[in-house]
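The residues of the chain are indexed from 1 along the displayed sequence.
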Amino acid sequence: MSNPPNYVFLLEPVHAISGELIAWELLTRFPDDADTNNKRNPNRDAGFFSRLPADDKWQLFLHQIGKLIQLYQEGFQQVISVNVDRDIVAGIFEDVEIQQKLAQLTLLRLEISAFFTARFNSADLLILKGVAKVTPAPLWLDDFGPGYSNLTMLDSGIFEIVKIDKDFFWQFGDGHIFDTLLTHLNQLCDGVIVEGVEDQSQIDLLSRKAIYGMQGYHWKSVYLTDLLEKT
């Protein structure tokens, strides 16, 4: 990448209804937008990847994997999901070396944006199934919600976990539509994580729902470098 130091890695926690920490999502931020106290920044939602050309995205992904290999080799024992897009998925499918590296990471999860699956075709499905076969990392589906929902892709059975988009949760989380969706999604995957949890009232609401986990700015993120120093 042209400016390798110009980003930092954060780990955003995922909690079960019980309060147990069950997973992390690896996020990439510019240094001046890496607030671990999780004050919401609308500009952050556009995503770091969207600002990078394809080659830089691939190099960033390789750097992420290198750091996670280091973390897990030092004894870290919790699930971490890493965001990947269409370019990264295709790169994994074609690169034997990265497949071998991913084979070391049994607690890694590859998080595919629903932006990918919203306009998927049969070739995309074959690539995703291929990636699911060449790496032990199960696939998670991110951003599931209005405009980017593809139940046909979910019917393929390749996703372990589905994350519900925060905007969908904020709009429909207290209604029958949300409960119906949870019922259907739980039939197509192993569990649902709800994004966008920012206060105790939302936790109380979700405590009555059929979900696997909750994620959002209610909980403090940590710097990956801090975990590496502690392990």
Q.
For a 4.5 angstrom cut-off between non-hydrogen side-chain atoms, does Ile161 reach Leu141?
A. no
**Q.** Any side-chain heavy-atom pair of Glu195 and Asp143 under 4.5 Å
**A.** yes
Q: Any chance you could measure Leu62, atom CG, to Lys57, atom NZ, to the nearest 0.5 Å?
A: 13.5 Å
Q: Kindly indicate whether the side chain of Leu182, heavy atoms from C-beta on, has any atom under 4.5 Å from the side chain of Ile211.
A: yes
**Q.** Atom pair CD1/CZ of Ile164 and Phe169 - distance to nearest 0.5 Å
**A.** 9.0 Å
Q: Could you go through the side-chain contact (heavy atoms from CB on, under 4.5 Å) check for His15 and Ile22 one step at a time?
A: CA-CA 6 Å; His15 288 265; Ile22 55 177; 5.8 Å; no
Q. Between Thr180 (side chain) and His176 (backbone), is there a donor-acceptor pair under 3.5 Å?
A. yes
Q: Could you state whether Val134 and Leu105 fall into the same hydrophobic cluster, counting links through intermediate Ile, Leu, Val, Met, Phe, Trp or Tyr residues with side-chain heavy atoms under 4.5 angstrom apart?
A: no
Q: Give the minimum heavy-atom separation between Tyr72 and Val79, together with the two atoms involved.
A: OH-C, 3.9 Å
Q) Would you call Asn83 and Glu25 a side-chain contact if the rule is heavy atoms closer than 4.5 Å? A) yes
Q: Answer with yes or no whether the side chains of Trp24 and Glu12 bring together a donor and an acceptor at under 3.5 Å.
A: no
Q | Non-hydrogen atoms of Pro13 and Ser221 that approach each other most closely | A | CD-CA, 4.1 Å
Q | Heavy-atom closest pair, residues Ala137 and Leu110 | A | CB-CG, 4.1 Å
Q.
Quick check against the 3.5 Å criterion: does Gln202 have a side-chain atom that pairs as donor or acceptor with the backbone of Glu198?
A. yes
Q | Lys209, NZ atom: more than 12 neighbouring heavy atoms under 6.0 Å | A | yes
Q: Provide the closest heavy-atom pair for Ile177 versus Phe168 in the form atom of the first, atom of the second, distance.
A: CG2-CZ, 4.1 Å
Q.
Within this structure, what is the CD-CD1 distance for the pair Gln104 and Ile65, rounded to the nearest 0.5 Å?
A. 10.0 Å
Q) Rounded to the nearest 0.5 Å, what separation is found between the OG1 atom of Thr135 and the CG atom of Leu102? A) 4.5 Å
Q: Go through the steps to decide whether Tyr212 and Asn186 satisfy the test side-chain contact (heavy atoms from CB on, under 4.5 Å), and finish with yes or no.
A: CA-CA 9 Å; Tyr212 171 68; Asn186 279 309; over 6 Å; no
Q. Got Val197 and Gln215 here, is their nearest side-chain heavy-atom distance under 4.5 Å?
A. no
Q: Using a 4.5 Å cut-off on heavy atoms from C-beta on, say whether the side chain of Phe61 contacts that of Val82.
A: yes
Q | Interatomic spacing from CD in Gln64 to NZ in Lys67 - rounded to 0.5 Å | A | 11.5 Å
Q: For Tyr217 and Asp199, indicate whether the former's side chain and the latter's backbone hold a donor-acceptor pair under 3.5 Å.
A: no
Q. Salt bridge check: are Asp142 and Lys163 linked by an N-O gap of less than 4.0 Å?
A. no
Q: Using a cut-off of 6.0 Å, state whether more than 12 heavy atoms not belonging to Gln200 lie near its atom CD.
A: yes
Q.
Please check this pair: side chain of Trp58 against backbone of Asp87, looking for a donor-acceptor N/O pair closer than 3.5 Å.
A. no
Q) How many angstroms lie between atom CG of Asp56 and atom NE2 of His63, to the nearest 0.5 angstrom? A) 13.0 Å
Q. What's the shortest heavy-atom distance between Val162 and Cys189, and which atoms?
A. CG2-SG, 3.8 Å
Q. Within the distance-only criterion (no hydrogens, no angle test), does the side chain of Gln99 pair as donor or acceptor with the backbone N or O of Ile92 below 3.5 angstrom?
A. yes
**Q.** side-chain contact (heavy atoms from CB on, under 4.5 Å) between Phe93 and Leu128, worked out
**A.** CA-CA 8 Å; Phe93 187 62; Leu128 287 177; over 6 Å; no
Q) Is there a side-chain contact between Leu228 and Phe76, using heavy atoms and a 4.5 Å cut-off? A) no
Q: Could you check Val96 against Gln100 for side-chain contact (heavy atoms from CB on, under 4.5 Å), going step by step and ending with a plain yes or no?
A: CA-CA 6 Å; Val96 174; Gln100 293 171 343; 3.8 Å; yes
Q.
If you define the side chain from C-beta out and look only at heavy atoms, does anything of Phe9 sit under 4.5 Å from Arg29?
A. no
Q: Measure across Phe178 and Leu206 and return the closest heavy-atom pair with its distance rounded to 0.1 Å.
A: CE2-CD2, 4.2 Å
